[in-house]
K.L.:
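Sending over a structure as structure tokens; questions will come in a sec.
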Amino acid sequence: MKVLVVDDSRAMRSILSNILKQLGHQTDEAGNGQEAYEKLLAGGEFDLALVDWNMPVMNGLEFVQKVRAAPAHAGMPIVMVTTETEQSQMAMVMQAGANQYVMKPFNKDTLAAKLELFTPAAR
Amino acid sequence: MTLSADDIAIFAKEIWTLVLGQAIATSDRPLLKEAGLINSCVHITGAWRGTVVLVLPRAVAENAAAGMFAMDVAAMTQLHIHDAVGELVNMIGGNLKSLLPPPCFLSLPSVTHGQDVEMNIIGGRCLAKMTFETPNGVFLVAVMEHAADGHTKVSGSGVREWGQQAKLPVCS
């Protein structure tokens, strides 16, 4: 899969991208929701986006809302990768259109299991 | 609802294990004031208000950053270190937030470094703190609860309460 990694932390983007590459996926990166959305507007096509919640400029929730409102990308699976644990907050982002979430910190197996849900065979 | 040193230990150990692949132990050794300490914090607002602080010697921060970026320690720049430490305190703060009454909200992390850097949390008291032993030195995690008056000073030698003294900047 081609996965868009969206996180304001370069360290976390590095961790995620390294794991994704080990799992055989292609990656691209964005430092916040706005950068990620601009990649989509510029024609970027991704099979999945891994998105942090707490980011400057445009946070993860706002990114989900923007993507789901854009017909061209509304179907792209979005997995939140976050420290957010509050049920009401998670319910809000799931209602906005996120498909799954992974709690930070995570290990490779946890991330792989979530990604597996969105492989072409699983869809 | 309160947060304890044990809560800090559980999350810090889990983060170091899962993110850095490094087992760490709690320590009785104090964090020594030394040149180049990296101070970082993330604030929590909402039903509970406070600040989670992570203070690391440069060697600990460099090694953590190298682990997160999967690069050599020698290749770590200030940008790498600040970014990595910011993410570590973000994860610690976010996980501790899960123990607090909702709704609570996490700020973006702040990271400072330098000689004799002190961080002053306005209106705070030290609720819990814990030091951890790593192969590269001891680091500190502390939780400040914001109170109506007073402020708390975080320095290289640890955390202590200042009470209600003159107002100082949050980070200096």
Side-chain angles (χ1 to χ4, degrees), chain A residues 5-23 27 29-35 50-63 80-93 95 101-114, chain B residues 10-22 40 42-48 52 61-71 75-111:
Chain A
V5 177
V6 189
D7 199 306
D8 57 322
S9 165
R10 294 201 312 158
M12 186 50 64
R13 294 203 305 270
S14 173
I15 290 170
L16 286 165
S17 292
N18 284 336
I19 293 175
L20 288 164
K21 286 169 187 167
Q22 288 169 23
L23 294 170
T27 64
E29 298 182 9
N32 59 59
Q34 183 65 37
E35 272 185 29
L50 294 177
V51 181
D52 183 27
W53 179 300
N54 199 15
M55 296 182 287
V57 185
M58 182 190 289
N59 68 30
L61 174 61
E62 292 166 327
F63 175 74
M80 303 299 292
V81 183
T82 179
T83 60
E84 184 59 63
T85 54
E86 212 165 292
Q87 288 300 314
S88 61
Q89 296 291 304
M90 292 316 300
M92 188 192 309
V93 79
Q95 279 179 357
Y101 61 88
V102 177
M103 303 304 304
K104 293 179 186 175
F106 54 84
N107 61 23
K108 182 180 173 182
D109 292 342
T110 304
L111 186 62
K114 292 289 183 184
Chain B
I10 288 167
F11 289 126
K13 286 178 178 178
E14 183 180 45
I15 288 164
W16 248 253
T17 300
L18 290 177
V19 177
L20 301 172
Q22 191 177 82
S40 62
V42 64
H43 303 289
I44 297 172
T45 57
W48 185 91
V52 177
E62 277 178 342
N63 276 274
M68 293 171 80
F69 281 100
M71 293 166 65
M76 290 298 98
T77 64
Q78 203 76 279
L79 194 64
H80 288 112
I81 292 168
H82 283 199
D83 190 293
V85 171
E87 184 58 26
L88 288 171
V89 76
N90 178 58
M91 280 190 275
I92 295 169
N95 280 271
L96 286 169
K97 185 173 85 71
S98 70
L99 303 178
L100 296 169
C104 280
F105 308 96
L106 201 63
S107 76
L108 294 170
S110 301
V111 183

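Just so it is clear: chains get the letters A, B, ... in the order the sequence lines come, proteins before strands, and each one is counted from 1.
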K.L.:
Side chain, backbone, both or neither: which part of Ser107(B) has a non-hydrogen atom closer than 4.5 Å to chain A?
P.N.:
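For Ser107(B), the contact with chain A is made by the backbone alone.
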K.L.:
Given side chains that start at C-beta, do those of Cys104(B) and Glu86(A) come closer than 4.5 Å, heavy atoms only?
P.N.:
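Side chain of Cys104(B) against side chain of Glu86(A), heavy atoms only: contact under 4.5 Å found.
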K.L.:
I need the Glu87(B) CD to Asn54(A) CG distance, nearest 0.5 Å.
P.N.:
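Answer for the CD-CG pair, Glu87(B) versus Asn54(A), is 9.5 Å.
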K.L.:
How long is the span from the CG atom in Asn90(B) to the CG atom in Asp7(A), to the nearest 0.5 Å?
P.N.:
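Rounded to the nearest 0.5 Å, the CG-CG separation comes to 8.0 Å.
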K.L.:
For Met55(A), is it the side chain, the backbone, both or neither that has a heavy atom under 4.5 Å from a heavy atom of chain B?
P.N.:
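Contact with chain B is through the backbone of Met55(A) alone.
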K.L.:
Going through the checks in order, is the side chain to side chain contact (heavy atoms under 4.5 Å, CB included) test met by Arg10(A) and Leu79(B)?
P.N.:
CA-CA 9 Å; Arg10(A) 294 201 312 158; Leu79(B) 194 64; 3.4 Å; yes
K.L.:
Determine whether more than 12 heavy atoms belonging to other residues, nucleotides or ligands lie under 6.0 Å from atom CZ of Phe69(B).
P.N.:
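Atom CZ in Phe69(B) is packed in, count exceeds 12.
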K.L.:
Could you tell me the separation between the CG atom of Leu96(B) and the OG1 atom of Thr83(A), rounded to the nearest 0.5 Å?
P.N.:
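So the CG of Leu96(B) and the OG1 of Thr83(A) are separated by 10.5 Å.
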K.L.:
Taking the side chain as everything from C-beta on, heavy atoms only, tell me whether Leu18(B) gets closer than 4.5 Å to Thr110(A).
P.N.:
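When only atoms from C-beta onward are counted, Thr110(A) and Leu18(B) do not touch, as no gap falls below 4.5 Å.
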K.L.:
Once you round to the nearest 0.5 Å, how far does CD of Glu84(A) lie from CG of Leu106(B)?
P.N.:
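Separation between the atoms: 8.0 Å.
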K.L.:
Could you tell me whether the side chain of Pro105(A) reaches within less than 4.5 Å of the side chain of Asn95(B), counting heavy atoms only?
P.N.:
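Yes, at least one pair of side-chain atoms sits under 4.5 Å.
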K.L.:
For Phe105(B), is it the side chain, the backbone, both, or neither that has a heavy atom closer than 4.5 Å to a heavy atom of chain A?
P.N.:
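Only the side chain of Phe105(B) comes within 4.5 Å of chain A.
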K.L.:
Check whether Pro103(B) gets within reach of chain A through its side chain, its backbone, both or neither, counting any heavy atom under 4.5 Å.
P.N.:
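Both parts, backbone and side chain.
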K.L.:
Give, for atom OG of Ser9(A) and atom CG of Leu88(B), the distance between the pair rounded to the nearest 0.5 Å.
P.N.:
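If we round to the nearest 0.5 Å, Ser9(A):OG and Leu88(B):CG are 8.5 Å apart.
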K.L.:
Which atom pair, heavy atoms only, marks the closest approach of Ala84(B) to Ala11(A)?
P.N.:
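In this case the closest contact between Ala84(B) and Ala11(A) is CA-CB, 3.9 Å.
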K.L.:
Please state whether the side chain, the backbone, both or neither of Gln89(A) comes within less than 4.5 Å of a heavy atom of chain B.
P.N.:
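The answer is the side chain of Gln89(A).
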